[in-house]
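Since the structure comes first, as structure tokens, the remarks are kept for the end.
Both backbone and side-chain heavy atoms feed into the values below; hydrogens, waters and symmetry mates do not. Fair warning: this is a prediction, and the values are worked out from it, not measured in the lab.
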Amino acid sequence: MTTYLDYNATAPVLPEVADLVFKLMVEEYGNAGSRTHSFGATAKQAVEKARRQIADVVNTDKSEVIFTSGATESNNIAILGLKEYAEKNNKKHIITTAIEHKAVLEPIEHLAKQGFEVTYIKPDTSGVIDVESIGKALREDTVLVSVMHINNETGCIQPIEVICNLLKEHDAYLHVDAAQSFGKLSNELASNRIDFVSASGHKLYAPKGVGALITRKRGFLKAPLRPVYFGGGQEKGLRPGTLPVQLIAGFGLACEMAQKNSAHWQKHCSTIKEKFLTLISELGGKVIGENTSPFVANFYIPGVNSEAAMVMLKDVIAVSNGSACTSSSYQPSHVLTAMGLSEDEIAGSIRVSWSHMTDEVPFDAIEDKLRMLI
């Protein structure tokens with residue numbers, strides 16, 4: 001049986017979450033917008049409970065949680081939703097990093113085509129952004145700084161707390177794509193200096209198709225976001241559309257369970273990572289990036305092509321050689337390219353990722369298969 005080790009791409013749903021989702025699909029299936037009967041009231045209660053559960057992850061008020069279809073949509077709202085404000089106030093400069101997910105880079109590229117200036121901060125081979133580079137790039141007309149928390153390909157943890165301190169005296173909005181950290185490594189996300197936090201349910205053992213955008217107030221002032229599409233007025237007019245109550249409730253429960261169990265989950269995953277690092281070293285390989293998450297390792301073995309390795313390993317483990325969102329393009333990873341890795345290192349990179357649900361990893365079989373390629 002193949003062991004699934006591609007959790008950074010997506011994760012299975014927790015059994016308790018699946019049970020709740022099923023119940024809300026077949027028994028308590030009301031529309032949260034229906035105000036004239038108990039079915040709608042029950043659905044509304046489920047949504048508001050989930051809003052609180054999600055807000056608790058980052059120590060914010062539930063009124064600041066906007067439900068979306070996932071982190072991609074959250075990123076788009078946070079970035080494109082500032083366009084009108086930026087143009088009105090002549091603040092059309094954006095700072096981001098060269099290692100962001102395409103769901104951040106492409107909306108920003110869209111704004112660049114409409115006259116916005118963009119500064120892209122590159123990391124070194126550590127995969128970690130130098131905060132001083134962000135400080136040097138800051139301008140009076142900088143409207144947005146967008147930096148992901150944990151990189152989806154390398155697992156490198158970015159210095160969000162330091163960035164928050166840097167921006168204390170600047171009024172630029174700070175957006176953090178937290179798809180890979182929300183509910184797992186969330187402490188830094190509780191900072192009030194972070195204006196927007198994007199999260200995705202299916203990275204945290206909830207169903208695909210649901211996410212959230214945290215939109216923190218500054219004092220009593222709401223962020224000047226505008227919707228990117230229209231119709232229905234749900235979610236305070238920022239994200240229209242009938243709320244998927246069952247998905248939202250499932251996401252909320254997953255967040256609550258993560259809050260209760262994250263320390264235990266991290267400990268379990270750190271043990272798996274230590275074993276992987278030992279194996280990589282024994283095979284003469286090298287781990288890509290520094291200051292990485294306990295849930296992932298990206299590595300390469302000199303002389304071993306990742307495509308050949310994945311074919312060799314396909315009956316043993318399911319892994320990836322990059323982001324699932326862009327792997328079909330067969331283009332070199334923009335993340336690893338930005339880090340300055342060589343063509344051979346990029347071509348050989350393999351990402352393995354796991355969770356607390358990963359019981360046994362067939363390390364001996366992995367070693368045997370990879371040694372056949374060395």
Fill in: Donor-acceptor pair, side chain of Glu345 and main chain of Tyr300, under 3.5 angstrom
no
Worksheet entry | Whether over 12 other heavy atoms sit under 6.0 Å from Glu161 CD | no
Worksheet entry | From Phe299 atom CZ to Ile280 atom CD1, the distance as rounded to the nearest 0.5 Å | 5.0 Å
Item to complete: Take atom NZ of Lys236 as the centre, draw a 6.0 Å sphere, and report whether it contains more than 12 heavy atoms from other residues, nucleotides or ligands.
Response: yes
Worksheet item: Can you list every ring pair (Phe, Tyr, Trp, His ring centres under 6.0 Å) pair that touches residues 200-225, not counting sequence neighbours?
Response: Tyr205-Trp265, Tyr205-His356
Discussion item. Which residue is it: Val210, Val17, Leu24? I am looking for the one with a side chain to side chain contact (heavy atoms under 4.5 Å, CB included) to Leu247.
Written reply: Val210
Discussion item. Here's a test for you: under side chain to side chain contact (heavy atoms under 4.5 Å, CB included), which of Ile66, Leu213, Ile77, Thr68 qualifies with Glu235?
Written reply: Ile66
Response to the item:
Between Leu189 and His149 the two heavy atoms that sit nearest each other are CD2-ND1, 3.7 Å
Discussion item. Would Asp124 and Lys122 count as a salt bridge (Lys or Arg N to Asp or Glu O under 4.0 Å) here? Give the steps.
Written reply: CA-CA 7 Å; Asp124 56 22; Lys122 288 187 177 183; over 6 Å; no
Worksheet item: Sub-3.5 Å donor-acceptor pair from the side chain of Asn76 to the main-chain atoms of Val228, do we have one?
Response: no
Worksheet item: Under 4.0 Å between a Lys/Arg side-chain N and an Asp/Glu carboxylate O for Asp56 and Lys62?
Response: no
Discussion item. Could you check whether Arg371 pairs with Glu367 (Lys NZ or Arg NE/NH1/NH2 to Asp/Glu carboxylate O, under 4.0 Å)?
Written reply: yes
Worksheet item: Would you find more than 12 non-hydrogen atoms of other residues, nucleotides or ligands less than 6.0 Å from Asn261 atom CG?
Response: yes
Fill in: Glu132, CD atom: more than 12 neighbouring heavy atoms under 6.0 Å
no
Practice prompt. Report the distance from atom CG of Asn75 to atom CG of Asp177, rounding to the nearest 0.5 Å.
Written response: 4.0 Å
Worksheet entry | Within residues 32-43 or reaching into it, pairs that qualify as side-chain hydrogen bond (donor to acceptor under 3.5 Å, both in side chains) - sequence neighbours excluded | none
Fill in: For the student: nearest non-hydrogen atoms of Met339 and Ser126, plus distance
CE-C, 4.2 Å
Practice prompt. Could you tell me whether Glu28 and Lys23 have a side-chain N and a carboxylate O separated by less than 4.0 Å?
Written response: yes
Worksheet item: Between Ser333 and Glu153, is any side-chain donor less than 3.5 angstrom from a side-chain acceptor?
Response: yes
Worksheet entry | Salt-bridge present (Asp171, Lys91; N to O < 4.0 Å) | yes
